[in-house]
J.: 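Following this message is one structure expressed as structure tokens.
Each chain gets a letter, A, B and so on, in the order the sequences are listed, and its residues count up from 1. Because the structure is a prediction, the values reported are computed rather than measured.
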Amino acid sequence: MSEKQKAGIVAYGVYIPRLRITVEEIARVWEKDGKHVSAGLGLKEKAVGASDEDSATIAVEASRRAIEDFGITAQKIGAIYVGSESHPYAVKPTATIVSDALQAGPEVMAADLEFACKAGTAGVQMCLGLVKSKMIEYGLSIGADTAQGKPGDALEFTAASGGAAIIIGDKENEIIATIDHTCSYTTDTPDFWRRQHAEYPEHGGRFTGEPAYFRHVIGATKLMFKQTNTKAEDYDYVVFHQPNGKFPVQAANMLGIEFKKIEQGLITPYIGNTYSGSSMIGLCSVLDVVKPGQRILVTSYGSGAGSDSFSLTVTENAGKRKADVPVREMVNEKSYIDYALYVKHRGKINRG
Amino acid sequence: MSDGLALNWRRIPERYAMKGNHCTNCKQDYFPSRMICPNCRRKGHLVSKDMPRIGKIVSYTKVMVGPSGFENEGNYYLALIDLGSGAKVLSQIVDSDEQDIHIGASVKKMFRKIGEVEEKGAITYGYKFKVVKPLTEDQVEALKEKNKK
């Protein structure tokens, strides 16, 4: 990538729905040992979108925060990409809903992306290319999901709702963190999928670990080290995709990264796996606290399978440009529901 | 094709961005938009204006039996919200604790689904409000600065 033309994150926003259900409550219904499941997954509760929330409303709220908190003129956004595996429509874009809600259009490129949990970071790469080539002034990429787990399935404990919006730009006085390099690691690995007309996704159980998550996350991160001639010690913060509270910690261990470097970006233990939002929310949480000169490494993961890795350097603007409410504070605004209300809100009750 | 497709589509600016209008003569805001300013009549001059995201509850009620389309919502709150400069809007209150909903409470516009008549039909989106902590003076100043830009 050209070193001359700098571009990076100029604004970010996160939206996490208010409702929460605990792992113990889900385990109670399926007669499993809640404490055991909770410890095994490394998370206690997950965020649940209310019945009037979907990936589009989450995408809009996250984007509004990015625009309002960082003073971005919506009309200057040249591209909007929404990454999700739970787009409200099978056919009809979510990006157009976001565009009209932000009043960014009609002169805007827009499309929906799908790559399981990494569709949002794929959008960041696309926006980066468009901004660096001067085709657009700002690019908005969103990762938002209202992830669905089949009732009784292991995924039900973690599949959560939430999202993050990242705006890419190239103005020196606006960039919070420059994206110095990005690379991807992609193979055909069927570890998780949802066929047409299927209500819930299927997954390969243990197959989602070693040959899927770890191979790609480690593969992309090592590729990043090689291409940028860096090593784990060069980074102050590291964010990995977090399908549960355990996998990212194990990945960090395998790469020799200390836990304290991933802690700030580890949000899944509080809100569950927000799929496309997961690694992006983690990155936003890191951006809440970074100081100029610090370096961030982000590696997402999407089943199917692939990982996008990003190497970022925090600029002098970091202290001046921050979100109004930090992610770590946002996760505390919550209200608990039981399993019955959970299935009602998520539309899992078949009323004939 | 769902009923009211064109009608819902036409309302998108009103529902997504709360686009109303403003009379430059008497400085009054209108939401929804008016064709003429009822105060100034022919002397009025209306321009398009997005309503602010923050408002205050003027009055509220708890709906115990929802009308058609709201049967599944259980008990919910409806509030009359003052958006400043004369405009008021009646809207559903979401994501708020019961004890926080009171006259004078600050509320913020949220983007939510407002209708999903049938499984195969088009989804309609719009505004609902949630109770937020009132803005501090510093935040009001910061907001003004941002709006200037």
J.: Are any side-chain N or O atoms of A:Thr315 and backbone N or O atoms of A:Ile176, one a donor and one an acceptor, separated by less than 3.5 Å?
T.: yes
J.: Where does B:Thr124 contact chain A at under 4.5 Å (heavy atoms): side chain, backbone, both or neither?
T.: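 Answer is neither: B:Thr124 stays 4.5 Å or more from chain A.
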J.: What part of A:Ala101 lies closer than 4.5 angstrom to a heavy atom of chain B: side chain, backbone, both or neither?
T.: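 Contact with chain B: backbone and side chain both.
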J.: Are B:Asp82 and B:Lys88 ion-paired here, with the side-chain N under 4.0 Å from a carboxylate O?
T.: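 No, B:Asp82 and B:Lys88 are not salt-bridged.
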J.: Give a yes or no answer on whether the side chain of A:Thr146 reaches the backbone of A:Ser161 with a donor-acceptor pair at less than 3.5 Å.
T.: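 No, because the side chain of A:Thr146 does not come within donor-acceptor range (under 3.5 Å) of the backbone of A:Ser161.
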J.: Specify which of A:Thr57, A:Asp52, A:Leu102, A:Leu19 makes the most heavy-atom pairs with chain B at under 4.5 Å.
T.: A:Asp52
J.: Taking every heavy-atom pair that is under 4.5 Å apart, which of B:Lys130, B:Met110, B:Glu73 has the most such pairs with chain A?
T.: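 The option with the most such pairs is B:Met110.
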J.: Salt-bridge test for A:Glu68 and B:Arg53: reply yes if a basic N is under 4.0 Å from a carboxylate O, no otherwise.
T.: yes
J.: Check this for me: does any side-chain nitrogen of one of A:Glu53 and B:Arg112 sit under 4.0 Å from a carboxylate oxygen of the other?
T.: yes
J.: At a 4.5 Å cut-off on heavy atoms, which part of B:Ile12 comes close to chain A: side chain, backbone, both, or neither?
T.: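 Contact with chain A involves the side chain of B:Ile12 alone.
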J.: Which atoms of B:Asp97 come close to chain A, meaning under 4.5 Å heavy atom to heavy atom: side chain ones, backbone ones, both, or neither?
T.: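 It is both, since atoms from each part get that close.
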J.: Please determine whether a side-chain nitrogen of the Lys or Arg among A:Glu333 and A:Arg18 lies less than 4.0 Å from a carboxylate oxygen of the Asp or Glu.
T.: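 Yes, this pair counts.
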J.: Please flag which part of A:Lys344 lies under 4.5 Å from any non-hydrogen atom of chain B: side chain, backbone, both or neither.
T.: side chain
